[in-house]
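Structure record follows, encoded as structure tokens.
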Amino acid sequence: MSTQETREGSFPPPTNLIWAENLYEAIFNTCVAEGFAPVPRQAVLEALAPALGRNEAKRVTERRRGSRFLRHTAYHIEQAGTDGALLVLKVELHGAGTLPWVINDRTRSAWLHPSAENQERLEELVDQQRLVASWGVGVQRAKASLRALASTATPAEKDAAVASVKTAEEELARAQEGLEACEQALGRRRPLPVVQAVTEDGAPLAALTTQEVRAEVAAEVQRYAVEMLRRRARQRPYDLAESLVQEGQRESTVVVLQRTPVIDPDGSRRYVWRGQQATGANRADARLETFGVSAQQLLTGVPQAVLRLPGEEENRRMVVRGLGEILRRISALLNAEYAKPDRDPEGRAQRAVRIAQVPARVVVGAKQPERLEESLRQLNVHEHLRGQLDYEDMDRSLGLWSTLVKAYQAAGRLGELLAREVAQGRITAGELHEDAIADALVGARALDALEVLLPPGDEVSPMTLRDVAIRCATVMLFPPVPPRPKNLAPGARMPTGRYWPVVRAALQEASWSQENGTRAKRRTQIWAAVVAQHFLRPGPLAAAEGLFGKTEVQFGVRPDARSLASLLTACRQGDAAAWETLVRRHLVPGMISGAEPFITPNEGSFKAADRKGVRRAPSNAVQSLVNAYTAPPQGVTRELLVAFAEEILHAPDAGFGVPGEAPGTFWAPDPLGNPREGVLADKEWFDNLFPLTSFPKGKRQKPPANDATGTEGDGSGGDTAELQEEVPETPLARMTRLRAELGFAVTSSTVSAAAVAEEIARLLAIVQDAVRAREDAGGEKEPADVRALYVEDFNNIKAEAAKIAPLLDAATVAVMSL
């Protein structure tokens, strides 16, 4: 940062170091006085102060009681009285001083969950991009060498030059094929970066930080974010950049200071502090475009050739990294250009003069810094949901989903609902890390936070984590509602339980009694958008139309307690109810968003003549697959159905597919459940095997009257009181409840025991195959100590299995007295 201000001009120079320190002192003292955690010192010195407009640091501070404070008119508190309250500084910033924030609600559907696997794929893609760029330069150089050959060059020299061009073009083509494979592996999206509050000396502060990444990766993420923003902005009925050029920026946008730890190509590590536009990201991008720099350059470094000062020697290897130096050079160049009497009316200085300084509200304090990202995300969601720029259906639905998750948190119902309905009471709400789970559900964190909700029998894997996330979304959008009490007087208010009022308020729906299909369609659309985000190739929202009806909206959807492994085992054993649950609640998402979708919108124009299969309603495709278990069409067996289900569940995570097809595709199973090579499992195959079916559109069965949530209060009617002690359960009520749970426990234990037997049989098969393979290869036996360890492990398994029979004997004796 320069300590000497440049000469006066329309474009402001960076604030000098003395006033930067004074500003930090004022911010720190004001935050302490107001009870807020302040921003870090480096955030003010490296991101805020350099970007301030002329004399802004002096204007917003004052001396009181021998110390510096912010003037009362220079700041205010957003979301006052809440845990997400923010102290924001009202200032004018340099027009090129901030970046579009990557975490933008309007482009939410364009991002992947930030899992470790997706981050590795991004690293590979960036490496491949560099390789493509390198060979692109190589091709140009080879062609230039060929053109530079003199007419007197020998045939051997000409042949060598032609061969060099051909070799470079072939290498470029190979690199481009590799890049295309990397793009397919990411579904042509990018993982959303994880941000959290900066921590200093163990205390969180009012600024954000990302995880450490290579500088090239950070630049690619920023570039992609801007690309997605511009794609959405095409819906705007006017040119935003031209509007800013002609009228300037009138709206005051919200800026958060964020740290990006990066690793440079030489291996050195550094912290990049920048102001990020939490709102007004499109305006930030349009301003940078007008100033002639890109967002990724402002983040990781601007080539010196772009900002070369008069008289300075050009250095193609030099990059300007510090924000203060970048803005100093921009202002110096544009002030010099603007001072010319004969300046170009379409030049950068003339076009940028109205946005040389722009109003902003910079977050400098937070009541709870741990919730800073969530508070900013909700500001962004609210601005877009209530804004005038059209929202794409997918992003609007994800914005509503984010609002709903926050509503559950604010009502204190999120952990309670998930512990009761998804975890089936195995854990208590207090054992859940609600903030981490909420972030995972809205896509701001990896799904690892949902591990605690996995049903017993499911191993931790991308497949099972995705499945439990879908269970959470389903029960949160269609929460259980107790059935209508038999003694409820006509016209009396229906007790809707503890969760339905949360959904109604968040989605701004009519009362429970007003049954209509619009509500079901809207919630189904949100469900489809949320579920689609767990797949590399999200299917269209219309493909889920009709999968949830009025009954699911009014009475909710209760997840099955069984794990995926248990459901598959039950399906193999002939449980038709388990098959229907597996199809409707677990397979449908993958059938919509797979590499080869089996369920598509009921629209004739979808993909026009290239559409595979027949036109059919999504609900018809689901029903035909459900019916195939009890009334199988010709060529359909239980083994085929189970094999198809397993492929659907595993396909999104497969890094390979049918040769020549996208990853995640697979061969169609035969009646024995084995893959039929040469027959691709696609919609055409699916529609031929499971043809259109007809079924009555009767009312779906409502929940039984003895629903466990039937005693819950309305939550929206009547006063309630919380006693100091729990109301004891009467012996009669306890007996009734336990008898109802007994049948389910027996069924669940039977399925679990069958699953264990199946796993042991698989273990035996693996051991026997390994022995045969050793004998065929003529290899030596494993060392004796290794075999002894295996025997010890098997004995431990036998010891655990031996505990089952005595427990069952005791249960058999006890049940005779039931």
Using side-chain heavy atoms (C-beta onward) and a distance below 4.5 Å, is Ser109 in contact with Arg232?
yes
Give a yes-or-no answer on whether the side chains of Trp500 and Gln554 include a donor-acceptor pair shorter than 3.5 Å.
no
Show me the donor-acceptor pairs, under 3.5 Å and distance only, between side chains in residues 470-483 and residues at least two apart or in other chains.
{"unit_1": "Arg471", "atom_1": "NE", "unit_2": "Asp467", "atom_2": "OD2", "d": "3.0"}
{"unit_1": "Arg471", "atom_1": "NH1", "unit_2": "Asp560", "atom_2": "O", "d": "2.8"}
{"unit_1": "Arg471", "atom_1": "NH1", "unit_2": "Arg562", "atom_2": "O", "d": "3.3"}
{"unit_1": "Arg471", "atom_1": "NH2", "unit_2": "Asp467", "atom_2": "OD2", "d": "3.4"}
{"unit_1": "Arg471", "atom_1": "NH2", "unit_2": "Arg562", "atom_2": "O", "d": "3.0"}
{"unit_1": "Thr474", "atom_1": "OG1", "unit_2": "Ile470", "atom_2": "O", "d": "2.8"}
{"unit_1": "Thr474", "atom_1": "OG1", "unit_2": "Trp527", "atom_2": "NE1", "d": "2.9"}

Is there a side-chain contact between Glu34 and Leu87, using heavy atoms and a 4.5 Å cut-off?
yes
Begin from the C-alpha positions of Lys521 and Gln525 and carry the test side-chain contact (heavy atoms from CB on, under 4.5 Å) through to its verdict.
CA-CA 6 Å; Lys521 182 176 181 180; Gln525 195 173 61; 5.6 Å; no
Less than 3.5 Å apart, which donor and acceptor atoms pair up between the side chains of residues 362-372 and the rest of the protein, not counting sequence neighbours?
{"unit_1": "Lys367", "atom_1": "NZ", "unit_2": "Gly35", "atom_2": "O", "d": "3.4"}
{"unit_1": "Arg371", "atom_1": "NE", "unit_2": "Glu374", "atom_2": "OE1", "d": "3.4"}
{"unit_1": "Arg371", "atom_1": "NH2", "unit_2": "Glu374", "atom_2": "OE2", "d": "3.1"}

Between Arg523 and Glu509, is the closest basic N to carboxylate O distance under 4.0 Å?
yes
In the structure I gave you, are the side-chain heavy atoms of Trp579 and Leu567 within less than 4.5 Å of one another anywhere?
no
State, with a plain yes or no, whether a side-chain heavy atom of Gln277 is found less than 4.5 Å away from one of Asn282.
no
Residues passing the side chain to side chain donor-acceptor pair (under 3.5 Å) test with Thr199, sequence neighbours excluded, are none
Please check: side-chain N/O of Glu431 versus main-chain N/O of Thr428, any donor-acceptor pairing under 3.5 Å?
yes
Would the distance check show the side chain of Arg466 and the main-chain N or O of Val531 forming a donor-acceptor pair, the cut-off being under 3.5 Å?
no
Without hydrogens or angle criteria, can the side chains of Ser375 and Gln378 be said to hold a donor-acceptor pair below 3.5 Å?
no
Please examine the side chains of Leu465 and Val460, heavy atoms only from C-beta on, and report whether any two atoms are closer than 4.5 Å.
yes
Short side-chain to backbone donor-acceptor contact, Arg426 and Leu453, under 3.5 Å
yes
Partner residues of Gln222 under the side chain to side chain donor-acceptor pair (under 3.5 Å) criterion, sequence neighbours left out:
none
Flag this pair as yes if the NZ/CZ of Arg584 is under 6.0 angstrom from the six-membered ring centre of Phe548 and inside a 45 degree cone about the axis; otherwise no.
no
So, Trp401 side chain and Leu441 main chain: donor-acceptor pair closer than 3.5 Å or not?
yes
Could you walk me through whether Arg259 and Thr210 pass the side-chain contact (heavy atoms from CB on, under 4.5 Å) check?
CA-CA 7 Å; Arg259 182 181 72 187; Thr210 65; over 6 Å; no
Return yes if some donor-acceptor pair links the side-chain N/O of Thr464 with the main-chain N/O of Glu459 below 3.5 Å, else return no.
yes
Could you tell me whether a side-chain N or O of Thr403 sits under 3.5 Å from a main-chain N or O of Gly399, the two making a donor and an acceptor?
yes
Restricting to side chain to side chain donor-acceptor pair (under 3.5 Å), what partner residues turn up for His433, sequence neighbours left out?
none
Please tell me if the side chains of Leu564 and Pro455 come closer than 4.5 Å, counting only heavy atoms from C-beta onward.
no
Would you call Thr524 and Glu545 a side-chain contact if the rule is heavy atoms closer than 4.5 Å?
no
Establish, for the pair Arg413 and Tyr408, whether the NZ or CZ atom is under 6.0 angstrom from the six-membered ring centre and no further than 45 degrees off its axis.
no
So, Glu421 and Tyr499: side-chain donor and acceptor under 3.5 Å apart, yes or no?
no
Distance-only side-chain donor-acceptor flag, Gln409 / Asp435, under 3.5 Å:
yes
Indicate whether any N or O donor in one side chain lies under 3.5 Å from an N or O acceptor in the other, for Ser115 and Arg445.
no
List the residues meeting side chain to side chain donor-acceptor pair (under 3.5 Å) with Ser593, not counting sequence neighbours, and say none if there are none.
none
Decide yes or no for Arg361 and Glu78: does some side-chain heavy atom of the first lie under 4.5 Å from some side-chain heavy atom of the second?
yes
